[in-house]
Amino acid sequence: MAYIEMKNSTKLYHMGSTTITANDNVSFTIEQGELAIILGASGAGKSTVLNILGGMDANTSGQVIIDGKDISNYTPKQLTAYRRTDIGFVFQFYNLVANLTARENVELASQIVPDAQDARQALADVGLADRVDNFPAQLSGGEQQRVAIVRALAMSPSILFFDEPTSALDPELTGEILEVIRLLADDHMTMVIVTHEMSFARAISNRVIFMADGYIVEEGAPEQIFERPTQERTKQFLAHYQ
Ligand code: ADP
Ligand code: MG
């Protein structure tokens, strides 16, 4: 059985009298230790997939199996425990607490689990040894995002989700985040990443899922998707990044 499996997952949003199909019968698997990339234009349904996998949103129908358990059947209490202890989430805009230092932001996450890593050491591990007592406003975007990654790691999660982690960063700061993700990949951390960094995705991922209009157009190994896409939709999308 795969470590992560979405099976015929559909997510509908009801907005007054209209229904938006954010995810349309999405099915895929990800193995333990794999790094999967989700590609697609804005509105394709990428964040919806991540939010459902991360237990922040519930699907309308279908199964979401994580390590043998179907989290789509979880009670709110079980979902809270899952979000706190099993997974880590990194967002585009860091979401650090503004009036807490880098170390305090990490410790805040650590407080809810007994065996959390030492915050100071964990920040030093991503090159922030001399920034631990700075507030978010005193840090660059790249530094703030590294704090956010350390915070996500504080609970020793089994899976990390990243939703466009470098989209708010200048190109020169993007590299330092990708480097941290690269180190996590070397450690065989299971990761699902939404990104538009194509050469990074091509180089580092095990699996690429391309979405449009809420469904999976095509998925496969990075070599296949980037060099031999079979769907016209995939070819058109990738052409924008050449
Ligand atoms: P992506 O991350 O690929 O840009 P999303 O998963 O955020 O796409 O959104 C997919 C579709 O679902 C979009 O049409 C979006 O407007 C819609 N959507 C996402 N979240 C909500 C929500 N909370 N309420 C209503 N519609 C939503
Ligand atoms: Mg999104």
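Computed from a prediction, not measured in an experiment: that's the story for all the values here. Position 1 is the first residue of the sequence, and the numbers go up from there. What you see below is based on every heavy atom in this structure, not just the backbone, and it leaves out hydrogens, waters and symmetry mates. In each ligand, atom 1 is the first atom listed, and ligand 1 is the first ligand listed.
In this pair, Tyr241 and Phe237 present their aromatic rings tilted. The plane angle is within the 30 to 60° band.
Remark: minimum distance from atom 17 (C) of ligand 1 to any protein heavy atom is reached at Ile20 CG2, 3.9 Å. Atom 7 (O) of ligand 1 has as its closest protein heavy atom Ser47 CB, 3.7 Å. Closest to atom 3 (O) of ligand 1 among all protein heavy atoms lies Lys46 NZ, 2.7 Å. The protein atom (non-hydrogen) at minimum distance from atom 27 (C) of ligand 1 is Tyr13 CD1, 3.3 Å. For atom 8 (O) of ligand 1, the nearest protein heavy atom (residue, atom name, distance) is Gly45 N, 3.1 Å. The protein non-hydrogen atom at the shortest distance from atom 12 (O) of ligand 1 is Ala22 CB, 3.3 Å.
Here Leu173 contributes atom CG and Glu143 contributes atom CD; the two are 8.0 Å apart, rounded to the nearest 0.5 Å.
With contacts defined as side-chain heavy-atom distances shorter than 4.5 Å, the pair Ser158/Tyr3 qualifies.
Looking at Met211 against ligand 1, nothing comes within 4.0 Å, counting heavy atoms.
When each of Thr19, Thr60, Asp57 is paired with Tyr13, the side-chain hydrogen bond (donor to acceptor under 3.5 Å, both in side chains) condition holds for Asp57 and for no other. None of Thr48, Asn23, Asp24, Asn59 except one satisfies the side-chain hydrogen bond (donor to acceptor under 3.5 Å, both in side chains) rule with Ser9; the exception is Asn59.
Heavy-atom separations between Gly40 and ligand 1 are all 4.0 Å or longer. In this structure, Ala41 counts as a contact residue of ligand 1, since one of its heavy atoms falls inside 4.0 Å of the ligand.
By the rule that hydrophobic residues join a cluster once side-chain heavy atoms approach within less than 4.5 Å of another member, Tyr74 and Val64 end up as members of one cluster.
Distances between N or O atoms of Gly43 and those of ligand 1 include at least one value under 3.5 Å.
Heavy-atom proximity to Ala44, at under 4.0 Å, picks out these atoms of ligand 1: 1 (P), 3 (O), 8 (O).
For a distance bound of 2.8 Å, the N, O or S atoms of Ser47 include one lying that close to the Mg ion (ligand 2).
Considering Ile52, Asp213, Thr48 only, the shortest heavy-atom separation from atom 9 (O) of ligand 1 involves Thr48.
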Q: Walk me through it: do Met56 and Arg83 pass the test side-chain contact (heavy atoms from CB on, under 4.5 Å)?
A: CA-CA 8 Å; Met56 294 187 296; Arg83 285 196 304 267; 3.8 Å; yes
(Q) I'd like to know whether Val150 forms a side-chain contact (heavy atoms from CB on, under 4.5 Å) with Arg146, so could you lay out the CA-CA distance, the side-chain angles of the two residues, the decisive distance to 0.1 Å, and finally the verdict. (A) CA-CA 6 Å; Val150 170; Arg146 278 185 278 160; 5.6 Å; no
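Side chains of Glu218 and Gln224: a donor-acceptor N/O pair is present below 3.5 angstrom, by distance only.
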